[in-house]
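Hydrogens, waters and symmetry mates play no part in the numbers below; they use all other heavy atoms, side chains included. Just follow the structure's listing: the first ligand is 1, and inside any ligand the first atom is 1.
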Amino acid sequence: MSKTRVIIVGSKGRMGDALMRLGAKDPALDLIAGVDRDDDLLTLIDRCDVLIEFAHHALSPGLAQTAVERKKALVVGTTGHTDAERKAIAAAAEKIPLVFAPNFSVGVNLLFYLTRIAAEKLGEDYDQEVVEMHHRRKLDAPSGTARRLGEILAKAAGGTYDELLQHGRHGEVGARPKRTIGMHALRGGDVVGDHTVIFAGDGERVELSHKASSRDTFAAGALRAAQWVRGQKAGLYTMQDVLGLN
Ligand code: NAD
């Protein structure tokens with residue numbers, strides 16, 4: 001198979017930097033270009049097979065529409081989308097192959113898998129709390145990864161994220177209700193991304209944790225997803241599909 005030709009959108013950001021550096025070294029890829037705010041993607045897009053976006057959530061729907069019009073596959077790593085933006089991305093995936101993942105690391109995707117198993121086995125006698133920590137410049141909270149963990153826990157409890165999530169606590173909140181999922185976002189320093197899911201029962205506690213120490217782990221996963229998505233039929237895929245963890 002010929003090399004997969006990719007364009008990185010958001011190339012001057014923290015993730016863009018890692019993607020450009022690793023993409024240039026990857027023998028399976030042909031890194032066509034990186035584009036950021038002031039660049040004209042439309043003059044370059046016909047030279048690529050796959051667009052990889054790690055930029056800003058408001059950009060994703062328009063970019064997905066462009067990918068549909070130009071028949072390009074798309075990898076979206078950006079987080080913090082509104083419900084309307086998520087719907088627009090899903091609509092584009094009816095026409096093109098699209099990987100949309102809040103976290104591209106192999107370890108975090110294993111954490112998603114283990115969280116589902118733990119939630120199913122432990123059941124509602126174990127209170128569930130999600131704690132995440134990221135660097136001080138992160139724009140959205142909770143992280144996309146923490147949100148996905150919340151969605152997995154909510155599904156295992158037979159509910160939805162919006163119904164069961166409780167973001168932080170403050171004041172006289174009273175005893176902890178059963179079936180809530182606590183969500184706590186810490187910010188500070190240069191933390192790349194820590195996530196812990198706590199299952200607290202009577203007399204014992206199970207904690208599943210992942211700590212990322214380099215953005216290269218996300219970049220390598222997104223480049224792997226770009227290579228994988230090129231050959232797929234139209235559809236909305238996650239990193240679990242790329243890794244065969246479903
Ligand atoms: P960043 O702020 O360092 O970089 C974002 C870049 O996007 C900047 O260079 C900015 O100029 C550019 N940009 C913004 N709007 C643009 C537009 N309209 N057109 C082109 N470029 C535009 O942020 P970051 O830390 O690199 O993170 C980017 C996104 O990726 C965030 O949403 C973050 O949460 C997400 N992220 C996802 C994963 C994952 O594994 N899915 C991992 C890390 C970060």
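With 3.5 Å as the limit, one finds a donor-acceptor pair spanning the side chains of T78 and E53. Using a 3.5 Å distance cut-off with no hydrogens or angles, the side chains of S2 and R230 do pair a donor with an acceptor. Between the side chains of E129 and H184, at least one donor N or O lies within less than 3.5 Å of an accepting N or O.
Contact atoms of ligand 1 toward K138: 34 (O) (distance under 4.0 Å to a heavy atom of the residue). The contact set between ligand 1 and M15, taken as ligand atoms under 4.0 Å from a residue heavy atom, comprises 26 (O), 43 (C), 44 (C). Atoms of ligand 1 lying under 4.0 Å from at least one heavy atom of T78, given by number and element, are 30 (O), 32 (O). Close contacts of ligand 1 with A101, meaning ligand atoms under 4.0 Å from a residue heavy atom, involve 41 (N). In the vicinity of A55, heavy-atom distances shorter than 4.0 Å reach the ligand 1 atoms 5 (C), 7 (O), 13 (N), 22 (C), 28 (C), 29 (C).
Scanning the protein for heavy atoms near atom 2 (O) of ligand 1, the closest one is R14 NH2, 3.6 Å. Nearest protein heavy-atom neighbour of atom 32 (O) of ligand 1: T79 N, 3.0 Å. The protein heavy-atom contact nearest to atom 37 (C) of ligand 1 is G77 O, 2.9 Å. When hydrogens are left out, the protein atom nearest atom 38 (C) of ligand 1 is F54 CE2, 3.5 Å; that is the closest non-hydrogen contact.
Side chains of F100 and L236 form a contact here, defined as non-hydrogen atoms less than 4.5 Å apart. V9 places none of its side-chain heavy atoms less than 4.5 Å from the side chain of F54. In this structure, the side chains of K72 and I96 stay at 4.5 Å or more apart for every pair of heavy atoms. No side-chain heavy atom of T145 sits under 4.5 Å from any side-chain heavy atom of R148. F104 has its side chain within reach of V75: a pair of non-hydrogen atoms, C-beta onward, lies under 4.5 Å apart. You'll find the side chain of T79 reaches within 4.5 Å of the side chain of K138, heavy atoms only.
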What pairs of donor and acceptor atoms, side-chain ones from residues 10-19 against any protein atom, are under 3.5 angstrom apart with sequence neighbours left out?
residue	atom	partner	partner atom	Å
S11	OG	V35	N	3.3
S11	OG	V35	O	3.3

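The shortest N or O to N or O distance between L59 and ligand 1 is not under 3.5 Å. Between G13 and ligand 1, at least one N/O pair is under 3.5 Å apart. Remark: ligand 1 and R215 share no N or O pair separated by less than 3.5 Å (distance only, no angle test). Between D36 and ligand 1, at least one N/O pair is under 3.5 Å apart. Of the N or O atoms in F104, one or more lie within a sub-3.5 Å distance of an N or O in ligand 1.
Aromatic ring orientation, H195 versus H134: perpendicular (interplanar angle above 60°, classes split at 30° and 60°).
With a 4.0 Å cut-off on non-hydrogen atoms, S11 does not touch ligand 1 at all.
Of the options R37, K12, H134, H135, the smallest heavy-atom separation from atom 21 (N) of ligand 1 is shown by R37.
Proximity of P102 to ligand 1 is established by a heavy-atom distance of less than 4.0 Å.
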